[in-house]
J.: 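Take this structure, written in structure tokens, and hold onto it; I'll ask about it next.
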Amino acid sequence: MQRILITSAIPYINGIKHLGNLVGSQLPADLYARYMRARGHEVMFICGTDEHGTPAELAAAAAGIPVAQYCADMWAKQKRLSDRFQLSFDKFGRSSSPQNHRLTQYFAERLAENGLIEEVVESQLYSKADGRFLPDRYVEGTCPDCGYDRARGDQCENCTRQLDPTDLIEPRSAISGSTDLEIRETRHLYLRQSALRERLEEWIASKDDWPILTTSIARKWLHDGDGLRDRGITRDLEWGVPVRRGERPWPGMEGKVFYVWFDAPIEYIAATKEWADGEGLEDAAWRSWWRTDEGASDVRYVQFMGKDNVPFHTLSFPATIIGSGEPWKLVDYIKSFNYLNYDGGQFSTSLGRGIFMDQALDILPADYWRWWLLSHAPENSDSEFTWENFQVSVNKDLADILGNFVSRVTKFCRSKFGEAVPGGGEPEDRERALIAELETRVAAYQRHLEAIEIRKAANELRAIWAGGNEYLQDAAPWSVFRERPERAAAIIRFSLNLIRLYAVLSAPFIPDTATKMMKAMRAEDGLWPKDIAAALASLPPGRSFTVPDNLFSKISDAERESWQKRFAGGRE
RNA sequence: GGGCCUGUAGCUCAAUCGGUCAGAGCAGAGCGCUCAUAACGCUUUGGUUGGGGGUUCGAGUCCCUCCGGGCCUACCA
């Protein structure tokens, strides 16, 4: 048995996440967590919300409620949706938690003591009307190059030129439109990542088994220009972790908070403490996952994230960990994902284009989405959701291959032998052949899941399901029954056992359906099969079962078309 | 501008270190079956691997170049 620590990138607090966000980190992380638990490993699976920063403050202001209240409400919504998607987090924490405040301040203190924090006075645009400093992209104006009048302070979207806010002609606040802007000096803390460059480079170089997407992004940042740059880790905001040096105030930093990207990854650790506190456990319980000197030396730590998160997880967060000078656990493997696009374009939260987690569950149960998203996970390049593709996958894989197999076996048994596992007959060559095939396939399935090759695992699982139909077609119990009813009984007993086996193997992908299948078979033993032959003899003759309702409904053309229209843009 | 990823059958994707005839699923065609959600099974059509050039006994894979798609580029997160 191994101890496996799994974190999914924590979604930003604003709004309901779309399916692209879901498949980019939380869902594959859940698949891996469920699989590893099923194999008997001890798993700690952590996620939460990333609550700080300018967008949260603005959204709360727009909604006319205090930002703390706004975040609490949004956290509850996101938590509820995670639960409904069966994301099996051990803790869905909050980066605004007191635990994270203390840990963030603690790490900052450690970094300062190790000479890795520098105070820098910089000039930034300040908006008097908004009463806040404006990040570059919150400044709008006319592009000096192309004359586009809605260029942002970081880049002109029209001509793609990189800009400085001061380049803009007639700059204005993107928040209020106010042109009453001035340049003010402000003092900030910088993390001296440049001082850690060699250690980070060496560490990244040692990770030769990481996805190329992960390491290439890290290397780019390490080598770009003069190499890894120092990074500001504080902001002039109200909402966030107040800048303190551990327990003590930090002179000159009054009224400032840490930058979200400094405190958000620390929340992985803090959420584990939130879990321990919630369970009434001692600190040793969470520290044994994170401190290699307190029990975490045997922990394997795997992170899941979208590609936009990679620099922070390969460089900034490790810089915090390494720079602390303490034996905190560094990540062992980073699985990163490309983007899922929606029907020829990007998912867009602002335009309401695409499908959001709440809407998805309004029209179909979680397993439909889990199966499609995981079997099409954007592992090697951006991938695309289309309704046609979704319809085909659901109807073919779930309804025809798996659902129909369960249906034909249970209904045939009910009509010929009644609703109990029939006795009589013995396994013959046909059964032994399927067992041999399954041994090969299950081994491949396990290999793919262990390597976090999600689409390959899904393909293998589909082939395992299809094997049941091939077997049944070939064994043809409906013909055999007339002459040799005991042989038909053996075939059906074997097939009922296949249903149970499929439930166990499929549970990481489609947990709700797996539970239905187990219940229908009245099977309690959900342990991962060690021996396929034994697993296929586990339902004893005489054990009653129920014929379940169809496991999956097909998506009709009419439904597909109406959903296609409904989600084309303009979220209601 | 710079960096990275990507282009394989109508569609979605495979193909270890460069090594048999580039493979699956879906869609299409044909046959079979009748237990089942008009479901299942078997057979089968379909590819100048984006274009061009090069290295090699051998290239989807390596190199150059052109064309297309995407991402990142450090003060959104």
Side-chain angles (χ1 to χ4, degrees), chain A residues 9-14 50-56 58 122 124-125 133-139 152-155 160-162 164-165 174 188 193 211-213 215-217 219-221 223-225 228-232 235-236 259-261 264 306-312 315-316 338-339 341 346 375-376 378-384 386 388-389 391-393 395-401 403-416 453 455-456 458-459 462-463 466 468-479 481 488 491-492 495 547 549-554:
Chain A
I10 59 176
Y12 196 66
I13 189 69
N14 278 19
D50 174 16
E51 305 195 359
H52 300 135
T54 309
L58 295 179
E122 52 187 31
Q124 264 188 24
L125 230 41
F133 282 94
L134 297 176
D136 289 358
R137 70 168 53 198
Y138 283 94
V139 184
R152 285 192 325 215
D154 55 343
Q155 189 180 37
T160 73
R161 185 184 146 174
Q162 304 273 321
D164 217 49
H188 281 296
Q193 299 187 134
I212 188 144
L213 181 66
T215 49
S216 65
I217 293 174
R219 271 197 285 268
K220 158 72 172 161
W221 282 52
H223 299 139
D224 191 40
L228 188 61
R229 288 176 235 168
D230 296 339
R231 187 158 191 134
R235 291 291 183 271
D236 289 293
Y259 176 41
V260 275
W261 267 117
K307 57 184 166 184
D308 52 330
N309 275 254
V310 168
F312 304 100
L315 302 167
S316 312
N338 287 283
Y339 291 146
N341 289 320
Q346 295 196 343
S375 60
H376 294 78
E379 290 176 292
N380 297 324
S381 60
D382 290 356
S383 66
E384 175 157 318
T386 64
E388 288 81 1
N389 193 309
Q391 180 189 24
V392 165
S393 278
N395 291 358
K396 207 69 207 171
D397 300 344
L398 296 181
D400 292 349
I401 306 281
N404 184 51
F405 177 75
V406 171
S407 180
R408 66 197 295 205
V409 169
T410 51
K411 286 175 185 169
F412 180 80
C413 186
R414 180 173 60 187
S415 75
K416 304 297 184 204
E453 298 257 29
R455 279 185 309 201
K456 286 181 184 172
N459 270 328
R462 194 206 291 114
N469 283 313
E470 288 163 27
Y471 162 74
L472 209 57
Q473 197 66 31
D474 192 40
W478 47 88
S479 310
F481 182 76
I491 293 167
I492 286 302
S495 299
V547 176
D549 292 337
N550 285 343
L551 296 178
F552 300 97
S553 310
K554 292 200 191 195

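Letters go in sequence order (proteins before strands), and every chain restarts at 1.
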J.: Got A/Lys307 and A/Asp382 here, is their nearest side-chain heavy-atom distance under 4.5 Å?
T.: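 With C-beta onward as the side chain, the pair touches.
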J.: Check step by step if side chain to side chain contact (heavy atoms under 4.5 Å, CB included) holds for A/Arg408 and A/Asn469.
T.: CA-CA 9 Å; A/Arg408 66 197 295 205; A/Asn469 283 313; 2.8 Å; yes
J.: Identify which nucleotide among B/C76, B/A39, B/C13 has an atom closest to any side-chain atom of A/Asp400, counting heavy atoms from C-beta outward.
T.: B/A39
J.: Please report the distance, rounded to the nearest Å, between NZ in A/Lys396 and P in B/U37.
T.: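 Nearest whole value for this atom pair: 15 Å.
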J.: Between A/Phe312 and A/Trp261, how do the two ring planes meet: parallel, tilted or perpendicular, split at 30° and 60°?
T.: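 A/Phe312 and A/Trp261: parallel rings.
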J.: Between B/C40 and B/A59, how far is it from one C1' atom to the other, in whole Å?
T.: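 Result for the C1' pair: 41 Å, nearest Å.
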J.: Contact class for A/Asn14 (heavy atom, under 4.0 Å): base, sugar-phosphate, or nothing?
T.: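 Nothing, no heavy atom under 4.0 Å.
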J.: Could you list the protein-to-nucleotides 7-10 of chain B atom pairs, N/O on both sides, closer than 3.5 Å?
T.:
none

J.: Would you indicate whether the side-chain heavy atoms of A/His376 and A/Ser393 approach each other to under 4.5 Å?
T.: yes
J.: Between A/Arg462 and A/Arg455, which is nearer to the 5' end of RNA chain B once each is assigned its nearest nucleotide?
T.: A/Arg455
J.: Within the structure shown, what part of the strands sits under 4.0 Å from A/Asn459 by heavy-atom distance: base, sugar-phosphate, or nothing?
T.: nothing
J.: What contact category does A/Phe312 fall into here, base, sugar-phosphate, or nothing, at under 4.0 angstrom with non-hydrogen atoms?
T.: base
J.: Mind checking whether A/Asp136 and A/Gln155 have side chains closer than 4.5 Å, heavy atoms only?
T.: no
J.: Could you work out the separation of B/G18 and B/C64 based on their P atoms and round it to a whole Å?
T.: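 Their P atoms lie roughly 16 Å apart.
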J.: Given the C1' atoms of B/A15 and B/A74, what is the spacing between them in whole Å?
T.: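 Going atom to atom, C1' in each nucleotide, I get 38 Å.
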J.: Not counting sequence neighbours, which residues clear side chain to side chain contact (heavy atoms under 4.5 Å, CB included) with A/Tyr12? List them please.
T.: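 A/Tyr12 satisfies side chain to side chain contact (heavy atoms under 4.5 Å, CB included) with A/Asn14, A/Lys17, A/Asp50, A/Pro55, A/Ala56 only.
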J.: Are A/Ile10 and A/Glu51 packed together at the side-chain level, in the sense that at least one heavy-atom pair is separated by less than 4.5 angstrom?
T.: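 Not touching, per the 4.5 Å side-chain cut-off.
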J.: Using a 4.0 Å heavy-atom cut-off across all strands, classify A/Gly53 as base, sugar-phosphate, or nothing.
T.: sugar-phosphate
J.: By the 4.0 Å heavy-atom rule, please label A/Ile492 as base, sugar-phosphate, or nothing.
T.: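 A/Ile492: no heavy atom of the nucleic acid under 4.0 Å.
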J.: Taking the C1' atom in each of B/G19 and B/U56, what is the distance between them to the nearest angstrom?
T.: 12 Å
J.: For the C1' atoms, the ones on B/U16 and on B/G60, what distance do you get once it is rounded to whole angstrom?
T.: 14 Å
J.: Is any side-chain heavy atom of A/Ile217 closer than 4.5 Å to a side-chain heavy atom of A/Pro311?
T.: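 Yes, their side chains come closer than 4.5 Å.
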J.: How does each nucleotide of nucleotides 67-75 of chain B score, in 5' to 3' order, for protein heavy atoms under 4.0 Å: base (B), sugar-phosphate only (S), or none (-)?
T.: ---SSSSBB
J.: Can you list the steps and then say if A/Asn550 with A/Ser407 is a side chain to side chain contact (heavy atoms under 4.5 Å, CB included)?
T.: CA-CA 7 Å; A/Asn550 285 343; A/Ser407 180; 3.9 Å; yes
J.: Under the 3.5 Å rule, do the base of B/A39 and the side chain of A/Asn404 count as making a donor-acceptor pair?
T.: no
J.: Name the one of A/Leu472, A/Asn404, A/Ile491, A/Val547 that satisfies side chain to side chain contact (heavy atoms under 4.5 Å, CB included) with A/Val409?
T.: A/Leu472
J.: Measure from CZ on A/Arg414 to C1' on B/U37 and round the result to the nearest Å.
T.: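 To the nearest whole Å, that distance equals 14 Å.
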J.: Provide the distance between the two P atoms, one in B/C21 and one in B/G10, to the nearest whole Å.
T.: 23 Å
J.: Tell me which nucleotide among B/G41, B/C4, B/U37 gets nearest to the side chain of A/Asn469.
T.: B/G41
J.: Restricting to salt bridge (charged side-chain N to carboxylate O under 4.0 Å, His left out), what partner residues turn up for A/Lys411, sequence neighbours left out?
T.: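 Counting only residues at least two positions away or on another chain, A/Lys411 forms no salt bridge (charged side-chain N to carboxylate O under 4.0 Å, His left out).
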J.: Between A/Arg231 and A/Tyr259, is the side chain to side chain contact (heavy atoms under 4.5 Å, CB included) condition met? List the steps.
T.: CA-CA 10 Å; A/Arg231 187 158 191 134; A/Tyr259 176 41; 3.8 Å; yes
J.: Return the value, rounded to whole Å, for the distance between atom CD1 of A/Ile13 and atom P of B/C76.
T.: 20 Å
J.: Looking at every strand, decide which applies to A/Pro477 at a 4.0 Å heavy-atom threshold: base, sugar-phosphate, or nothing.
T.: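 Nothing, no nucleic acid heavy atom in range.
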J.: Does atom CG (A/Asp549) have a neighbourhood of more than 12 heavy atoms from anything else shown, all under 6.0 Å?
T.: no
J.: Look for any protein N or O under 3.5 Å of an N or O in nucleotides 33-35 of chain B and output each such pair with its distance, or none.
T.:
| unit_1 | atom_1 | unit_2 | atom_2 | d |
| --- | --- | --- | --- | --- |
| B/C33 | O2' | A/Trp478 | NE1 | 3.4 |
| B/C35 | O2' | A/Arg408 | O | 3.1 |
| B/C35 | O2 | A/Arg408 | NE | 2.9 |
| B/C35 | N3 | A/Arg408 | NE | 3.3 |
| B/C35 | N3 | A/Arg408 | NH2 | 2.5 |
| B/C35 | N4 | A/Arg408 | NH2 | 3.2 |

J.: Could you work out which one of B/U12, B/U37, B/A77 sits closest to the side chain of A/Thr54?
T.: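 For the A/Thr54 side chain, the nearest candidate turns out to be B/A77.
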J.: Side chain of A/Phe552 only, please: which of B/A77, B/G41, B/U37 is the nearest?
T.: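 Nearest listed nucleotide: B/U37.
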J.: Are A/Val310 and A/Trp221 close enough that some pair of their side-chain heavy atoms sits under 4.5 Å apart?
T.: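 No, their side chains stay 4.5 Å or more apart.
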J.: In whole angstrom, give me the gap between the C1' atoms of B/U45 and B/G7.
T.: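 Taking atom C1' in both B/U45 and B/G7, they lie 25 Å apart.
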J.: In whole angstrom, give the distance that lies between atom NE2 of A/His376 and atom C1' of B/U12.
T.: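 Going from NE2 in A/His376 over to C1' in B/U12 covers 5 Å.
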J.: Are the side chains of A/Arg455 and A/Asn380 in contact, using a 4.5 Å heavy-atom criterion?
T.: yes
J.: Should A/Tyr138 and A/Leu125 be marked as a side chain to side chain contact (heavy atoms under 4.5 Å, CB included) after you check the CA-CA gap, both sets of side-chain angles, and the distance that decides it?
T.: CA-CA 10 Å; A/Tyr138 283 94; A/Leu125 230 41; over 6 Å; no
J.: To the nearest Å, give me how far apart CD1 (A/Ile401) and C1' (B/G41) are.
T.: 10 Å
J.: Think A/Lys456 has a side-chain N or O under 4.0 angstrom from the OP1 or OP2 of B/C13?
T.: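 Negative; the distance criterion is not met.
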J.: Do A/Phe552 and A/Ile401 come close enough that some side-chain heavy atom pair is under 4.5 Å?
T.: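 Result no, sub-4.5 Å side-chain heavy-atom pair not found.
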J.: Within this structure, what is the CG-to-C1' distance between A/Asn338 and B/C13, rounded to whole angstrom?
T.: 14 Å
J.: Rounded off to whole Å, could you give me the CG-to-C1' distance for the A/Asp397 and B/A24 pair?
T.: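 Those two atoms, CG and C1', are 12 Å apart.
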J.: Does A/Lys554 place a side-chain N or O at less than 4.0 Å from the phosphate oxygens OP1/OP2 of B/A39?
T.: yes
J.: With C1' as the reference atom in both, quote the distance from B/U8 to B/G51 in angstrom, rounded to an integer.
T.: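 That atom pair is separated by 15 Å.
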J.: CD of A/Gln391 versus C1' of B/U37: gap in Å, rounded?
T.: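 These atoms are roughly 14 Å apart.
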J.: What dot-bracket string describes RNA chain B from 5' to 3', counting Watson-Crick and G-U wobble pairs whose defining distances are under 3.5 Å, with [ ] for crossing pairs and | for pairs to another strand?
T.: (((((((..((((.....[...)))).(((((.......))))).....(((((..]....))))))))))))....
J.: Is B/C17 in the syn or the anti form, by the rule that syn lies within 90° of 0?
T.: syn
